[in-house]
> 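Handing you a structure now.
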Amino acid sequence: MNKLIALIPLLPFIGFLINGLGRKYLSKGLIGIIGCGTVLVSFIISLMIFFNGSYSTTPIHYFNFIQAGTLKIPFAFQIDQLSTLFLLIITGVGFLIHVYSTSYMHEEKREHFGRYFSYLNLFVFSMLLLVMGANYVIMFIGWEGVGLCSYLLIGYWFKNTNYNNAANKAFIMNRIGDLGFLLAVFWLFAKLGTANYTEVFANVGKLSSSDIIGITILLFVGATGKSAQIPLYTWLPDAMAGPTPVSALIHAATMVTAGIYMIARSNALYSAAPLTQNIVAIIGAATALLAATIALKQNDIKKVLAYSTVSQLGYMFLALGTGAYVAAVFHVMTHAFFKALLFLGSGSVIHAMSGEQDIRFMGGLKNKLKITYWTFLIGCIAIAGIPPFSGFFSKDAILLSAFEHNKFLYAIGLITAALTAFYMFRLLFITFYGGFRGDEEQRHHVHESPAAMTVPLVILAVFSIIGGFVGVPEVFTHGGEKLAAFLSPVVPSATHHIEHSTEILLMSLTTGIAIIAILIAWMRYRTYKEEKYTAFGKVLENKWYVDELYDTLVSKPINKLGGIANNYFEKLGIDALVNGVGKLVTYGGRQLRWLQSGLVGNYLLLMVLSMLLFFVLEFFLKR
Amino acid sequence: MDIKYYIFLSIALFVIGIVGVLTRRNTIIIFMCIELMLNAVNLLLVSFSKMHHIANVAKDPLAGSDGQLFVFFIMVVAAAEVSVGLAIIVMMFRNTHSIDVNFLNRLKH
Amino acid sequence: MSITQILFWTLSIVALFSALMMITSKNPVYSVLWLIVTFFCISGHYILLNAQFLAIVNIIVYAGAIMVLFLFVIMLMNLGKDTEPQKSKWLKLASAVSGGCLLLVLIAVLRKTETHMADLTSGEIGLIQNLGKVLFNQYVVPFEISSILFLSAMVGAVVIGKKE
Amino acid sequence: MVVLLLILIPLIGGLVSFALKEGESAKTWSLLVSIATLAVSLVALALPDHAPSLQFSAGWMGSLGSSFTIKLDGMSQLLCLLTAISYPLIFIATWKTEYRKAYNFYALMLLTQAGLIGVFTSMDALLFYFFWELALIPVYFLCSQWGGERRIPVTFKFFIYTFTGSVLMLIGLLYLYFQTPDRSFSIESFYRLDLPVKDQYFVFWLLFVAFAVKMPVFPFHTWQPDTYEQSPTATTMVLSGIMVKMGVFGVIRWVLPVLPIAAYSWGDFVMSLAVIGIIYASIIAMRQDDLKRLIAYSSIAHIGLMAATIFAETESGLQGVMMQMFNHGINILGLWIVVELIERQFKTRKMSELGGIAQKAPALAILFVIIALANISLPLTNAFVGEFMMFNGIFSSTVTKYNIVFAALAGISIILAAVYTLNMIQKVLYGDANAITAKAHDISINEKFSLGAIVLLILVFGIYPQPLLNLTDGFVETILKEANVAYLIK
Amino acid sequence: MNALILSAISAVIMMFSGFMFKQKSAVRSLAIILLVVVTIANMLEMRGVAFFHINTIGMLAFDRFALLFSLIANLSTLVFFLLSSKDMEKVGVNYSEYFALIFFILSGVVISASFKSLLLLFLGIEILSIPLYILTGSDKRNLKSIEASLKYFLMGSFSTGLMLMGIALIYGATGTFRLDLIEFATGNTSLLLIAGVMMLLFALSFKVSAAPFHFWTPDVYDGAPTVFTSFMATIVKAAGFIAFMRLFDEAFGNIRPEWRLIVAIITAATLFIGNITAVFQQSVKRMLAYSSIAQAGFMMLSIYSLNADAKEGLLLYAAAYSLATIGIFSVLIKMKDYTFDGFNGFAKHQPVIAASLVVFLLSLAGIPLTAGFLSKFYMLRATIAAGSSIWLVIFAVLMAAVSVYYYFRLIQAMYFKDGMEQSIEISQGYKYTLVSVAALTIILGVFPNLLTYWLYF
């Protein structure tokens, strides 16, 4: 089995190599088959693991990555329940998106097509490494690897400078987080001498509380980068510059959930640091609300989805912060389904609209893109949290935990839920209802996507509907939540102390609010009207001016500092100092020449004077 | 007589020579001042030679004669130097019709 | 004050005075003459110190030969009183002051030397006989070597003096 | 004997090249010589540690207490390997660059190599100094003769700067020599020294300034960007890939073990300088438009990290420095090759004038991106391993109280490095082709070979660094044992 | 003794050779042959074969140190003859007399290396100096040459006066002129003695052109015919140092604390003024004059430290410095333009000679693997060994770094700048000699023992 496990990441890697090196020589079909096939096989192996139950918390050791003195970092995988779950999500959703891509990217040139698939495969490889690693270093390798792939894919259309800027931004913001991650790892090494999960979690007790708080906060900094939380979230909406399947896979379903995975994985540490947990919860809730408000006013179909993703990720952090690790993981899973679905659906729309992304120029697509519409609707319902769609269960678990933890956070969660329902349906209505607002050419072109795109949509839609049943809460089933039970060896499930009646009340409240929001959206956006500009609306449309804020507070000062350092400190300071010594010597040479007046009398006088000085020194000063 | 009077006298002559060298511009006079310096040295040597002779005459009847011989050698060298020096001065005068020591200052800095 | 002391002081004062006159005379010929006076005084000191040989040599070589050579050169160049341009006053002052300081310093340093020479005129070492003995016994090597010096000076004078 | 061959082959090869008088044959000859050196270096690697042929000793200047003792231990193996690998790659990558009087050029390059290997292998302080200068002189001529427009003053500054440092080092070595009981320059005698604290302080600065200038550590760095910019690229490769390692090497071999107390006491100060330098160089790099200057400042930042790590005196840190010395050499060599290719093709190094190369020259673009990613130490590239260990070393250092601060501040460099490196990639490779880059063509086979080899090294040692680590672990242990100041830290 | 007498005889022979031979090449060949004979005689004496058995009665001592230095001086002069003697023709008509004067100077060199008495020191220095006054002024049509000669003569005589005063004071304090007896008598230090030592110190500093008694050097070296500058800047200056060293080592070694500070100041001042002033010079000849002051500063370190290392190092320094400087001057003589710009593009037209020049310049700058480095190294080593003077050492090396500036300017001009080709006549023999001298510079730099070996065996 170990060899098979090794194959899981290795296959996409091989796919990456073949597609990458052979992109000029292979046909598009072959590239697609290799790209999808490798991920499919990985998925199958993951399924085998899952069904065989061949997971355990004992790491599988392959070789020593680094061994120097006391520093030992094995290259090892840990295939336990948590990683198995993620394996399934990554390879499963990943496979679907690969399939989808073969069609979506079909118009690309062959070598770029190959490049695309090689990046995608590399991403899957990195992501698998991230979740399979048995220590933080391997996780970090995957962590940065996915960041790289994200960078490469966002900048996939490299001729466009804006896209490249977005790619750079994504990578750099991720890097800021990565620094936190790295420092946490060093901290672990400094205190425990190891970064292996098993050893770290077994020795949490040996860490002082300040150590734990430090480590967990730093890890969380890493998570805010990768999972787009305040203050490092701004890269994610920009990342929509990449091809839509990439947004679906990387910026919705998998990569951005790495932060959640990491914290869930480190639950032993976080549970020991209540302070950090509170921070995580507050940041999560704040992000959820902030992103949701921004999403209200966005007109780019992918931007809305992107902010929605940020908001949902905020939910997950809220869950993590309140100790509901399972709920967070659960939401990761359901979110992967419906958000991938929504993105792919939007891709289908964009595909149909020949690349148009602005929803103000869409409308009335309901009848023309039937499959897309229905699947998109399912996705919207799921994300809005209407029972019994998957989003309901996972979101409810989170809200429940928040309620238990802190009423204020719960309130924010609730508001966010309402906003979520509202903006998602706003999107749906504007896009699919009303009259067609595109130009004539687009009107002719509009058509339903081919099967390679619609089949994944349908599959994902199915999972969006039924995906929630793995985590039906105790209220409805006997024997508790299946998912929690499954994960319990790795992730402790939160114990609820809430009356079942209260729980049901809360559920109804959530659902009710969501439905009201949907109705408001229905009334407002059923037929498209130009939105009126209000001051607040403008703030929202401009994303609370956070990008501008960062620009003024961080980018520009640093750039300015660089300019000052370069133009003044370096050239007029240090360099001038060094050159000044040289100039001083030359100047001294020029001045000292005047001593050499050419007149014997002066020479002799100087000689006599110095003799005099020497005599005085010798006979009077020295004694 | 106290030896220090001789020392003072010689030093005084020597310094007068130096001052002459410093203050004059006539090459020949400068040269003469240098000769005066040498003579001051000679005087000093002779007086020292006498001093050592008196101190050591019991051991060696010829003690201190080396000082006087040194004076002899100084005179020899001075003579040689004068011949060369005057030759140079004459050469300079032939070329520039001046014996001002500051006249020639092409070489400087 | 004994006669030697009187002689000593007289000679000393005359020597210093004529030396000063030598460096201050405007006319080079006067300078030469004052220098000759100084040399005579020094020769007097030699006699006082019972160094007769040196006294004679001094008069013959210095006052006689060398100074005549000087005079001869001065005559040859026909240098008058006004031919010498004056140095700037400040430079002169500086020179005089520094020379004076040098004198002061040296005297201040050397005044602590105290050796009394009781009998100035006694002793035979200054006689030509004794000096000759030492010269041709112990100092024969330097004596020979000084011939190299003379040869080189001679060649030098030829090189310089020869017309091209 | 093997170690002697390592020096003799390039030395004699270089002298022969002077006599060749014909550019093409000199070029081929030099490539052969450098490959021969590489072969010998590989043979040396295959030999067991302490094999007799890894050392060579001959009497020389016995009256001065010096001898011609050279030896290949862990660190010198590593650096000689780096030198030996770099040279053929440099020659292949610059195969098409034409030089006036190429025979002189190649001869001087080979002489530099001999000097470098000598520096890395010498086990005698005086010999070390000799080779130190021997490596410098040819570089002076290389840069002044074949460099850019401002080459003469710039190289001159470089030369005087480093020369001043090295003469001070000579004083330091001499001073140490006089403290040895047996009046010897041998490294064993130096290691046996137990100097009083005051002496250590004072000798420390004499030695350190030389090494700091060479590395260069902030604020001794101003010669470097200019020199890199103005030198012929092949020389810049040697300078930045190998020669800056001389400084790092020097501190590790001649300062830490010899002056442990001073290294400990001044450690905080030096680390602060280094950390300031890292950030300073990084933000300046962000402002550069000239590729060479950008890489130069980037190199200052990287070397600054090494300097800081050395004084953290931890095993993993030092091992990381070892790794990184090798890796940085390889990576920056790759970057320079890319710059050389770009400059040769487009006659400009200004990023603002470039762009859109990726669509015209995909092979170059891919290789460039990989090398650039190694420059920002992405995992699974070799630099990650080194930097990871170095940061870890700083963080876990016990000799400084500010280990966390240093690690965190130095860590900012990984963000800033990403900023300027990605910016560089974007401006050079991405976007649409402009007038200058419109006619770009992809790289030729030998350029592909050299860049490919570098990328291969980057990936191999990024995934499996253990061979390199094994090479130096014994050495690092020895150094740390010599530098032990645990008894001082209460 | 062999060298002393034979070179004096050679001088006399050369005096008359002008009458015997009409061709200048014959005169030249004769001089070279005579010098070879002198050199061989000197070597034989080092092997214990003395031609003349003269009892010097403690006036001269031909010990290893003296003999080795005379050998170095003779060999350097030989190199000088081989490289530059042809260029003496251009100076004036007295071709054979110039050789005679040089041979006289050589005998003076031997004396000042082997004196045991202050009298011989005085005679030796005078024998060195007087012919030099003549040689300096030998280009009689050139006002510069006359000026240099006059300046040199006046200041030289002045310093002779100082020296004699010093000798007189020392005689007064110790009652003897013999070095060994003076050393014996320095047990009780009187002010008389110290004043005398200082006077001697000043006078000798003047002879070796140490600051602040160096003022004559740039002017005289600049004004003198270049071919003689080459000689006086090297062999004669080295001889001055040897005399300096011998005197202070053998006579005043015991009272070192009394004069050490002054020597340190003189050393530092010399290094400073020599190096700093050289930086701004435009004429290579004048730069070399200042450089000779700078090098004197380094050699002063040996006087400061005064130990076995210093002695050994001084010999090496003398050899290294003489070889390099003679080599550079020999090229300079052939140039029409003495400025740095005159050397522009020189390497392109004369690659071999330029390469040799580089070796010489590197040697002067003290770059390793040249004799110049090792000699500087010896000086530094000696000074550190002398203790408590590390700042002086650091100052010295910093100044050495400054020296790189002006030496490398010449290299830059030759190699990295373009210029018109100057037509200079260079024979094959000259070329080979120059290259072998350069090779010798490197060989001495790699194996200094070849030279210092003689001191001990």
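Per chain, numbering begins at 1; letters A, B, ... match sequence-line order.
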> Which value, rounded to the nearest 0.5 Å, describes the distance between C:Leu35 atom CG and B:Asn39 atom CG?
7.5 Å
> What are the two closest heavy atoms between C:Leu49 and B:Lys50, and how far apart are they?
O-CD, 3.2 Å
> Name each donor-acceptor pair under 3.5 Å that joins a side chain in residues 79-99 of chain B to protein atoms two or more places apart or in another chain, with its distance.
from	atom 1	to	atom 2	distance (Å)
B:Ser83	OG	B:Ala80	O	2.5
B:Asn95	ND2	B:Met91	O	3.0
B:Thr96	OG1	B:Met92	O	2.9
B:Thr96	OG1	B:Ser98	N	3.3
B:Thr96	OG1	B:Ser98	O	3.2
B:Ser98	OG	B:Asp100	N	3.0

> Nearest heavy-atom pair of B:Ile29 and C:Pro28: which atoms, and what distance?
CD1-CA, 3.9 Å
> Hey, can you tell me if B:Phe72 and C:Phe53 have their rings parallel, tilted or perpendicular (30° and 60° cut-offs)?
tilted
> Given a strict heavy-atom distance threshold of 4.5 Å, which part of C:Phe39 is in contact with chain B: side chain, backbone, both, or neither?
side chain
> Which distance, rounded to the nearest 0.5 Å, do you find between the CZ of B:Phe31 and the CZ of C:Phe70?
4.5 Å
> Which pair of heavy atoms, one from B:Val19 and one from C:Ser95, lies closest together, and at what distance?
CG2-O, 4.3 Å
> To the nearest 0.5 angstrom, please state how far the NE2 atom of B:His52 sits from the CD1 atom of C:Ile125.
10.5 Å
> Go through the atoms of B:Phe14 and report whether side chain, backbone, both or neither lie under 4.5 Å from a heavy atom of chain C.
neither
> Given C:Leu54, which partner from the list B:Leu43, B:Val46, B:Asn42 fulfils the side-chain contact (heavy atoms from CB on, under 4.5 Å) test?
B:Val46
> Select all residues of residues 128-135 of chain C having any heavy atom within less than 4.5 Å of some heavy atom of chain B, and report them by number, or 'none'.
C:Asn130, C:Leu131, C:Val134, C:Leu135
> Kindly give the heavy-atom pair with the smallest separation between B:Arg24 and C:Lys26, and that separation in Å.
NH2-O, 3.8 Å
> Heavy atoms only: give me the nearest C:Ile23-B:Cys33 pair and the separation to one decimal.
CG2-SG, 3.7 Å
> Report which part of B:Leu62 has an atom under 4.5 Å of a heavy atom belonging to chain C: side chain, backbone, both, or neither.
both
> Looking only at non-hydrogen atoms, find the nearest pair between B:Phe73 and C:Ser146 and report the distance.
CE2-OG, 4.1 Å
> Looking at C:Leu69, C:Leu102, C:Val61, which has the largest count of heavy-atom pairs under 4.5 Å with chain B?
C:Leu69
> Quick one: CD1 on B:Ile16 to CE on C:Met21, what's the gap to the nearest 0.5 Å?
12.0 Å
> Select one option (side chain, backbone, both, neither) describing which atoms of B:Ile7 are under 4.5 Å from chain C's heavy atoms.
side chain
> Relative to chain B, which segment of C:Met154 carries a heavy atom at a distance below 4.5 Å: side chain, backbone, both, or neither?
neither
> Considering only heavy atoms, which portion of C:Ile160 lies under 4.5 Å from any heavy atom of chain B: side chain, backbone, both, or neither?
both
> Quick one: of C:Asn58, C:Leu91, C:Leu76, who has the most non-hydrogen atom pairs under 4.5 Å with chain B?
C:Asn58
> Would you mind reporting whether C:Met77 and B:Ile28 have side-chain heavy atoms less than 4.5 Å apart?
yes
> With chain B, which of C:Gly156, C:Ser31, C:Ala157 has the greatest number of heavy-atom pairs at distances under 4.5 Å?
C:Ser31
> Do any side-chain atoms of residues 11-19 of chain C form donor-acceptor pairs under 3.5 angstrom with protein atoms, and if so which ones, sequence neighbours left out?
from	atom 1	to	atom 2	distance (Å)
C:Ser12	OG	C:Phe8	O	2.7
C:Ser12	OG	C:His45	NE2	3.3
C:Ser18	OG	C:Val14	O	2.8
C:Ser18	OG	C:Ala15	O	3.0
C:Ser18	OG	C:Thr38	OG1	3.0

> Which region of B:Leu45, side chain (C-beta onward) or backbone (N, CA, C, O), has a non-hydrogen atom less than 4.5 Å from a non-hydrogen atom of chain C, or is it both or neither?
neither
> Find the one option among C:Gly126, C:Ala96, C:Ala94 whose heavy-atom pairs under 4.5 Å with chain B are most numerous.
C:Gly126
> State the CG-OG distance between C:Leu127 and B:Ser65, to the nearest 0.5 angstrom.
11.5 Å
> Does any heavy atom of chain C fall under 4.5 Å from the side chain of B:Ala63, the backbone, both, or neither of them?
backbone
> At a 4.5 Å cut-off on heavy atoms, which part of C:Ser98 comes close to chain B: side chain, backbone, both, or neither?
side chain
> For residues 67-77 of chain B, which residue pairs pass the side chain to side chain donor-acceptor pair (under 3.5 Å) check, not counting sequence neighbours?
B:Ser49-B:Gln68
